[in-house]
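Okay, so here's the structure we're looking at.
Quantities reported herein were computed from a predicted structural model and do not represent experimental measurements.
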Amino acid sequence: MKIKLNDNFKNVSESYLFSTINKKVSDYKKINPDAPIIRMGIGDVTLPLPKIVVDAMHNAVSEMGVIDTFKGYPPEWGYSFTKEAVLKYYKNYNVDLSLDDIFISDGAKTDVSNILDILGHNEVYITSPVYPVYIDSNTMNGNSIHILHGNKENRFSPLPVGLDNSAKVIYLCSPNNPTGASYTYNELKLWVEHAVSTGSLIIFDSAYEAFIEDKNIPHSIFEIEGARECAIEIGSLSKSCGFTGVRCGYTIIPANLEINKIWRRREATKFNGVSYVTQRAAEAALSPDGVKACQENIAYYKRNAKALAKCFDELGIFYTGGHNSPYIWLECPDGMKSWDFFDFLLTKANVIGTPGVGFGLEGYFRLTSFNTYENTLEAIERIKKVLGK
Ligand code: MLT
């Protein structure tokens with residue numbers, strides 16, 4: 001073929017992190033078909049959807065089978081009832097939104113990368129370690145990326161210290177994937193002040209907000225004064241409501257910002273909206289009873305996270321997360337490299353995690369709490385055994 005390709009793809013790693021892990025595990029399974037693998041790699045939920053959500057989907061499916069209630073194309077920006085549900089959900093955090101601020105999406109991953117469609121080639125600042133999609137999508141777009149390093153000293157929560165006054169695009173994720181570290185109100189305020197004073201844009205990923213336990217951690221960047229001038233927020237029902245397989249999220253772009261109009265225009269051409277059945281499910285999940293039911297599932301995962309945290313306390317291994325987060329981010333023991341530790345755990349304990357280097361930091365490792373309690377305890381036993389405790 002003689003057509004031109006997007007050469008930026010030459011700068012992206014050949015395989016997406018979680019595809020590489022799947023390939024390694026399936027290769028291992030070919031040789032060891034009976035290995036009792038426990039998966040704590042990709043952050044994929046395991047508990048079924050709450051009944052209130054399933055009932056809403058059943059009702060919506062029935063409506064689709066009747067001429068009077070059948071629905072064709074959904075609105076590109078979401079049905080009003082779903083946007084109302086998001087708006088009311090945000091009132092729990094004293095955030096006042098308008099329906100025009102809200103766009104219903106098929107998940108956070110899509111919007112967090114598609115948003116680049118409406119941005120020019122800005123200087124992009126990304127905190128690291130990081131969800132690989134931010135780096136990959138900006139690399140695919142040929143943007144110039146600056147890494148803000150998270151480490152033990154800054155509690156994996158880099159602040160806008162020493163940054164110049166240029167206008168930039170800043171990615172923040174709190175509670176963070178992969179570290180579980182979370183910005184406090186005061187810390188997030190520093191980011192908002194920096195963005196407002198420099199004319200920058202913050203892309204705030206709140207996919208894990210439903211795991212927050214501490215009162216000093218904001219659930220939304222819009223809890224911070226000034227955020228409507230400088231931020232957009234990408235939310236997800238995947239981890240909070242168990243929607244990884246259903247696919248629904250939302251993006252909040254304050255209607256006072258010019259990019260709201262441009263995103264609206266972009267979506268009208270490139271997106272046909274989220275299905276009616278899914279949006280009825282989302283509406284149910286975000287209702288007060290739905291939130292209560294989803295929080296029961298989250299409490300289950302949190303018990304797993306606490307058990308993992310206790311394990312690493314007992315082993316004397318440094319970690320973050322396990323609190324306000326479904327993830328445990330740990331230092332690999334004995335100075336091991338993260339893919340070596342991945343192979344070690346896979347072959348010696350049949351436990352799968354995610355190498356820290358895949359998130360941009362060598363020598364670290366991520367485990368998720370998205371499993372059964374029994375499997376989590378079994379994984380802990382095996383990890384203790386192979387680490388000699
Ligand atoms: C993760 O494991 O980091 C997430 O499940 C990935 C995602 O949300 O796309």
Side-chain angles (χ1 to χ4, degrees), residues 77 83 86-103 105 108 111-112 115-116 118-120 122-128 130-131 134 138 143 146-148 150 154-177 181-210 212 214-236 249-264 324:
W77 311 309
K83 294 200 275 181
V86 173
L87 185 144
K88 284 191 188 136
Y89 181 72
Y90 270 71
K91 282 199 191 298
N92 295 330
Y93 308 129
N94 297 317
V95 172
D96 285 324
L97 299 175
S98 77
L99 293 187
D100 284 346
D101 296 335
I102 303 167
F103 297 84
S105 72
D111 278 10
V112 88
I115 196 75
L116 293 174
I118 66 162
L119 304 178
N122 296 284
E123 298 293 310
V124 175
Y125 285 67
I126 301 181
T127 63
S128 175
V130 64
Y131 180 38
Y134 312 160
N138 274 285
N143 288 341
H146 304 259
I147 297 294
L148 300 163
N154 59 23
R155 297 174 24 260
F156 288 98
S157 299
L159 293 172
V161 177
L163 297 188
D164 64 26
N165 286 334
S166 62
K168 32 185 104 59
V169 173
I170 301 159
Y171 285 76
L172 300 178
C173 175
S174 174
N176 183 269
N177 176 15
S182 308
Y183 285 113
T184 62
Y185 281 92
N186 287 339
E187 289 168 339
L188 206 49
K189 191 163 167 269
L190 294 176
W191 275 113
V192 168
E193 283 168 0
H194 176 81
V196 170
S197 70
T198 55
S200 298
L201 171 72
I202 296 176
I203 299 176
F204 188 76
D205 181 347
S206 67
Y208 297 93
E209 62 79 21
I212 293 174
D214 294 350
K215 292 268 179 288
N216 64 340
I217 311 288
H219 287 251
S220 163
I221 196 162
F222 296 113
E223 290 179 71
I224 311 292
E225 202 185 325
R228 284 191 68 91
E229 306 310 315
C230 67
I232 70 174
E233 181 159 306
I234 309 230
S236 168
Y250 52 84
T251 291
I252 298 174
I253 306 185
N256 50 295
L257 298 180
E258 194 192 348
I259 51 173
N260 176 294
K261 281 180 205 63
I262 304 180
W263 182 248
R264 195 171 294 281
N324 299 315

When rounded to the nearest 0.5 Å, the distance separating CG of L116 from CG of N122 is 9.5 Å
Exercise. Please report the C-alpha distance between T184 and N186 in whole Å, then the side-chain angles of each, then the deciding distance to 0.1 Å, and finally whether the side-chain hydrogen bond (donor to acceptor under 3.5 Å, both in side chains) criterion is met.
Key: CA-CA 5 Å; T184 62; N186 287 339; 5.4 Å; no
>> Are the side chains of V124 and L119 in contact, using a 4.5 Å heavy-atom criterion?
In response: no
Sorted by chain and number, sequence neighbours left out, salt bridge (charged side-chain N to carboxylate O under 4.0 Å, His left out) with R155 holds for E187
Those residues at least two apart in sequence (or on a different chain) that pass side chain to side chain contact (heavy atoms under 4.5 Å, CB included) with L148 are Y125, T127, P158, L163, W191
Separation between CD1 (I170) and SG (C230), nearest 0.5 Å, reads 8.0 Å
Hits for side-chain hydrogen bond (donor to acceptor under 3.5 Å, both in side chains) against Y90, two or more places apart or cross-chain, chain-then-number order -> E233, Y250
With sequence neighbours left out, the residues meeting side-chain hydrogen bond (donor to acceptor under 3.5 Å, both in side chains) with Y185 are E223
Here the gap from I202 atom CD1 to I232 atom CD1, rounded to the nearest 0.5 Å, amounts to 10.5 Å
CG of N176 to OG of S128, rounded to nearest 0.5 Å, is 9.0 Å
Sorted by chain and residue number, the side chain to side chain contact (heavy atoms under 4.5 Å, CB included) partners of A181 (sequence neighbours excluded) come out as F156, S157, T179
Residues at least two apart in sequence or cross-chain that pass side-chain hydrogen bond (donor to acceptor under 3.5 Å, both in side chains) with E193, listed by chain then number, are K189
The side chain to side chain contact (heavy atoms under 4.5 Å, CB included) partners of S236 (sequence neighbours excluded) come to A108, A207, S238
Residues passing the side chain to side chain contact (heavy atoms under 4.5 Å, CB included) test with T198, sequence neighbours excluded, are N165, K168, H194, S200
Residue pairs meeting salt bridge (charged side-chain N to carboxylate O under 4.0 Å, His left out), one or both in residues 93-103, sequence neighbours left out, come to K91-D96, D101-R228
Residue set satisfying ring pair (Phe, Tyr, Trp, His ring centres under 6.0 Å) with Y134, at least two apart, ordered chain then number -> Y131, Y171
dist L190:CG -> L159:CG (nearest 0.5 Å) comes out at 6.0 Å
Residues passing the side-chain hydrogen bond (donor to acceptor under 3.5 Å, both in side chains) test with Y89, sequence neighbours excluded, are Y93, E209
With C173 as partner, the option from D205, I203, I234 fulfilling side chain to side chain contact (heavy atoms under 4.5 Å, CB included) is D205
**Request:** For the residue pair Y208 and S182, establish whether any side-chain heavy-atom pair is separated by less than 4.5 Å.
**Result:** no
